[in-house]
Amino acid sequence: MIKVVKFGGSSLASAEQFKKVSAIINADESRRYVVPSAPGKRFSADTKVTDMLYECYSVAAKGKDYKPLLDNIKKRYYDIIEELGLDLSLEKEFDTIETSFVGRAGRDYAASRGEYLNGIVLANYLGFTFIDAAEVIFFDDNGNFDMEKTDPVLKQRLANIDNAVIPGFYGSMPNDTIKTFSRGGSDITGSIVARAIDADLYENWTDVSGFLIADPRIIKDSKVITTITYKELRELSYMGASVLHEDAIFPVRAKGIPINIKNTNIPEDPGTLIVESTSIKPEFTITGIAGTRGFAAVTIEKEMMNSELGFGRKVLEEFEKYGVSFEHMPSGIDTMSVLVNQADFAKKEQEILAGIHRNAHPDSIDIETDIALIAVVGRGMKATRGTAGRIFSALAHARVNVKMIDQGSSELNVIVGVNEIDFEKAVKAIYDIFVTTKL
Ligand code: ASP
């Protein structure tokens with residue numbers, strides 16, 4: 001049994017957190033490969049080391065006085081080293097970093113040092129081998145992650161190493177410069193490592209006990225999702241739920257390696273297990289609810305639209321021309337509505353409307369703004385009759401007016417559009433009917 005364990009920034013923000021991490025790793029010898037983030041926030045007003053590095057680098061690159069900023073970064077690491085009682089100096093590393101900052105080694109290089117240094121500290125503390133991600137994680141000339149090059153190198157490198165720490169978030173370009181993934185990218189590194197060594201499980205340790213069924217800002221004490229499929233997760237994260245970097249799924253998915261989201265501060269909590277598919281019946285009919293505000297609906301009406309070949313294409317072409325992608329497109333006999341991101345649409349609104357008039361000759365175009373979309377997701381909905389009915393009766397009881405309905409043909413999700421002012425009320429109503437009263 002091999003587990004790859006990734007620890008997020010808040011799990012490694014202080015010496016106290018390092019101790020929890022070490023206890024977790026030592027409690028299970030299959031936890032052999034560790035991927036750390038940079039030290040994150042110790043308290044809510046704190047600054048992540050990654051952000052400190054970006055800032056310090058931009059000051060240094062402008063030729064201004066970056067030293068106080070660099071000292072603050074050093075202090076974050078030195079505090080940890082001292083409190084853990086480690087016999088470790090990072091002076092040489094910091095000298096190299098300073099020279100590289102002044103020599104404008106790039107923002108990605110700067111940000112990557114957070115994980116690099118934290119990896120050195122963690123490896124020293126655990127007594128594990130440190131492997132610089134620049135030697136085993138590769139990007140291609142276009143800056144895209146290069147799985148074909150990475151996979152065999154990583155596999156070979158780890159083959160004879162029982163325990164290693166590989167810092168998250170970065171790798172190297174073909175010209176040997178450092179490149180990072182997008183923010184939160186250590187999740188991706190963990191997934192790449194798990195794939196390369198054919199791990200049995202990828203544990204992603206963070207500061208929450210898994211994915212919640214609904215946004216805790218709306219539902220206090222929302223229950224945790226115990227098991228979720230990759231597909232369900234995709235639907236939910238698309239609508240705004242975020243705990244795991246979206247790109248962290250594909251490397252392990254292809255090999256059927258499950259991901260377990262766990263809480264460093266409450267390790268005994270089971271967390272959320274993300275799997276390809278499962279025979280485990282979901283606890284509730286729905287797996288999760290997610291939603292976002294800020295949509296506009298452009299409704300186009302034309303008599304006999306139904307029989308006009310190519311009408312939809314002509315309309316959508318105009319959105320495409322101006323770079324506005326559509327989210328949903330419910331339609332009636334003589335109407336079609338195109339749901340778009342309101343802020344994106346507003347920038348090109350008049351051009352798009354004029355284009356539709358010119359191209360498709362509609363009878364009328366109507367715009368409705370400030371719409372929130374709510375996705376109700378769940379593999380359990382397929383097997384249960386009347387799910388949509390229950391959603392709508394719950395919303396009717398809560399006096400929420402439903403503006404739009406869209407059910408994916410996979411029967412994995414139902415999307416409802418409501419007025420933004422009804423957003424929270426609607427989420428509560430749906431949560432209550434499926435989870436609180438378990439209907
Ligand atoms: N440290 C990086 C960030 O703050 C990457 C990560 O934590 O995954 O985005």
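Just so it is clear, the structure is predicted and the values come from calculations on it, not from any experiment. Every number for a ligand or one of its atoms is a count from 1 in the order of the listing.
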Using distance alone, decide if ligand 1 has a nitrogen or oxygen within less than 3.5 Å of any nitrogen or oxygen in [X].
X: S186; value: yes
X: E115; value: yes
X: G9; value: no

Worksheet item: With sequence neighbours left out, what residues match Y125 under side-chain hydrogen bond (donor to acceptor under 3.5 Å, both in side chains)?
Response: none
Worksheet entry | Nearest heavy atoms of K6 and S186, plus distance in Å | CE-CB, 3.6 Å
Discussion item. Could you check whether any heavy atom of G185 sits closer than 4.0 Å to an atom of ligand 1, since that is the contact criterion I want to use?
Written reply: yes
Practice prompt. Give a yes/no on ligand 1: does G184 have at least one heavy atom closer than 4.0 angstrom to it?
Written response: yes
Between [Y] and [X], is the closest basic N to carboxylate O distance under 4.0 Å?
X: R183; Y: D51; answer: yes
X: R217; Y: D215; answer: yes
X: K262; Y: D269; answer: no

Item to complete: Distance to 0.1 Å, residue and atom name: give those for the protein heavy atom nearest to atom 7 (O) of ligand 1.
Response: S37 OG, 3.1 Å
Worksheet item: Which protein non-hydrogen atom lies closest to atom 3 (C) of ligand 1, naming both residue and atom, and how far is it?
Response: R183 NE, 3.3 Å
Discussion item. As an exercise, identify every atom of ligand 1 less than 4.0 angstrom from a heavy atom of T50.
Written reply: 1 (N), 2 (C), 3 (C), 4 (O)
Fill in: Member of T387, I213, I289 meeting the side-chain contact (heavy atoms from CB on, under 4.5 Å) criterion with F434
T387
